[in-house]
Amino acid sequence: MGIYTYEDLLEYFPYRYVDRSKISTIRDLDIDEPYVVLRGKIHDMHTAGEGRSLRLTAILSDNTGQIELVWFQGLKWIKESLKSDTEYIVMGKPTVFNGHVNIAHPDLDRADNESKTNLKYIPIYSSTEKLKSKGLHTKGIARLTEQLLRMAGGNIPENLPASLIRKYKLPSRANALEVIHYPTQPHDITLSMQRMKFEELFFLQLDYQYAKHERQIKSNGYMFTIVGEHFNRFYNEKLAFELTGAQKRVVKEIRADMRSGHQMNRLLQGDVGSGKTLVALLCMLIALDNGCQACMMAPTEILANQHYATISKMLDGLGITVELLTGSLKASGKRKVKERLRKGEIDILIGTHALIEKDVEFANLGFVVIDEQHRFGVEQRSKLWTKSQRPPHVLVMTATPIPRTLAMTLYGDLDCSVIDELPPGRKEIKTIHCNDTQRLKVFGFMHREIARGRQVYVVYPLIEESETMDLKDLMDGYESISREFPLPQYQISIVHGRMDGAAKEYEMGRFKRGETHIMVSTTVIEVGVDVPNATVMVIENAERFGLSQLHQLRGRVGRGGEQSYCILMTSNKLTTNGRERIKTMVDTTDGFRIAEADLKLRGPGDLQGLQQSGILQLKIADIVNDEPIIRAARESVEEILSDDPNLDNPDNGALKVHLMKNKKALSWGRIS
Ligand code: ADP
Ligand code: MG
């Protein structure tokens, strides 16, 4: 549980409090409650089952009814300590098992002990099966913590500067910890939790910003001062359109970084189709102009292939060598690419995570672009750092906008650029929600769009757990579409994850060249695929997709000048959450608003890429609901570091100690 020291134990916070004066009756028990308090007598204790299913059961009765209590661990001890026909306060999570309600491993207190406990609010700690079997269920943990607090006797050192404590009127650390674990008044709990949240977020920000600060004082970055032939020829001879204002601004921001002598770590956010790839290409050309190589890493083969194709085409005739490296390349082909890369014969390498394999060595890697970064684990990203004597400049691009709070917490050490403007002439995609009964109408609409020369995507969810079933959905859908749009008049492509790379490639190619009218697929087309002539995106079982995925999918259309449509097909029955997601999609195309809604609906745990990020290991703060605290913590750190960059002021002494302690623990992964 990450508890190694006394301090860790004190920072193991209750996840909720139970008001023990709120006693439920058994008859009116709400089984959806995560935790209930009952009062009654225990009787009919007996053991049942054997081996692993050996358990102890007892009946708890109050004036209104009976409920079963069950224990699977520590039977002997419980059996000996429980007294029949004695009143107990029983707390726990009710569950339904075999049609009746029981509480497994409840917390018990003799009712006549009641007067001895002066706590109205009981802190509830999460525990594990293993710990529970050793008596460390929530009450056991509470007891340890209480004992520890008593040992400390208020001698818990403060770790925030006095100026901050004053400014935000925070309780002291000792006081806050005491109140949280041994709450005497509810108001104090909130205040104390806020103090600990602030502290946690403050130190997180301090780590990030100090790392950034250190990076900035080190002059170890490539200095790209030249804007030369590669860039200029491309810009003047090849670029068929004017950059948007946002693209120009972002190129400027990146150029300033590249000239600074410090290594760049920049996050580029921009909605699908906003022209991030083009910006990345321009910056790679600057790296080339300064005698370096560049590479671009994409999350899927389809995308890598597509980037390779568009970039090769755009750079055609400029004498720039672009190569592709993906897993499906033949061994001999791979070997050749790697050899030429080492010799510096390749200027731009595009690929999948094959790029980060150990034996991929660059002669002179100066600029790294990571596309759609949320698909890459932190580990994978950090490997790119080791591919150059000097750390290359890193541009991380994401089309899934990250809510501000998250960006602040998660990427506190990255500089951030945003492309908040679409290329001119794009029409806003119209989004329509339909259910199964409207299918014929949808088919009719598809017919009309195809008759106008447009192309259509039909996407099915593919969720790994039920892959066979999903594949059947896809094939059934394909069949009914084939009946509705028969050969030879209509051509249909199909792409799914079970197909091999070459077959996928072939089908994608046909659709891209306009040889097929409809692309039936799973979410493999989700990211980055660019077919400007496609104007309709039909998403089947749309309720099964998360918001960011829906947003990504919708971004596949609306890439040309034509009016585009996204049709969300769902069943009639939707969960509240599902309905909310669909409504959000219909209401807005603003990626940032969608990201905020996504975070609220799903919680951070489900956001792609966050699992590995460490942000979920926050002990008490909550990135969804603690936005004001995040902001305050960030501002405080900024202020302190700008007034006292080396933390020499005695008031900041504890901060310096913290950084020293953490220095070793700070991982590269967090930085790129
Ligand atoms: P992203 O990577 O952000 O999804 P892309 O760079 O793939 O976006 O651009 C989407 C499409 O828009 C591409 O076909 C690209 O050539 C085009 N495009 C990019 N910038 C502009 C611009 N300033 N004006 C017109 N078209 C643009
Ligand atoms: Mg893209």
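Keep in mind it's a predicted model, so treat the numbers as computed, not measured. All ligand and atom numbering here is 1-based and tracks the order in the structure.
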Legend entry - K252, NZ: over 12 other non-hydrogen atoms inside 6.0 angstrom: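 12 or below, so no.
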Does this structure show an ion pair linking [X] with [Y], if we count only N-O contacts that are shorter than 4.0 Å?
| X | Y | answer |
| --- | --- | --- |
| K248 | E242 | yes |
| E562 | R454 | yes |
| E339 | K334 | no |

Can you list the ligand 1 atoms lying under 4.0 Å from a non-hydrogen atom of [X]?
| X | result |
| --- | --- |
| E242 | 22 (C), 23 (N), 24 (N) |
| T244 | 23 (N) |
| R559 | 4 (O), 7 (O), 10 (C) |
| L243 | 23 (N) |
| L278 | 6 (O), 20 (N) |

Examine ligand 1 and decide if any of its atoms is less than 4.0 Å from a heavy atom belonging to [X].
| X | answer |
| --- | --- |
| M314 | no |
| S274 | yes |
| D271 | yes |

Inset, instruction - For the pair F443 and F485, name the ring-plane relationship: parallel under 30°, tilted 30 to 60°, perpendicular over 60°. - result: perpendicular
Inset, instruction - Answer with yes or no after comparing the ring centroid distance for Y460 and H496 against a 6.0 Å cut-off, counting only values under it. - result: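 Judged by ring-centre distance (under 6.0 Å), Y460 and H496 do not meet the cut-off.
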Legend entry - F224 ring center within less than 6.0 Å of F367 ring center: no
Legend entry - Nearest neighbour of atom 23 (N) of ligand 1 from the list E421, Q269, Q247, on a heavy-atom basis: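 Among E421, Q269, Q247, the closest heavy atom to atom 23 (N) of ligand 1 belongs to Q247.
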Legend entry - Part of R426 within contact of ligand 1 (heavy atoms, under 4.0 Å): side chain
Legend entry - Six-ring centre of Y457, R556 cation under 6.0 angstrom, axis tolerance 45°: no
Legend entry - Nitrogen or oxygen of G275 less than 3.5 angstrom from that of ligand 1: yes
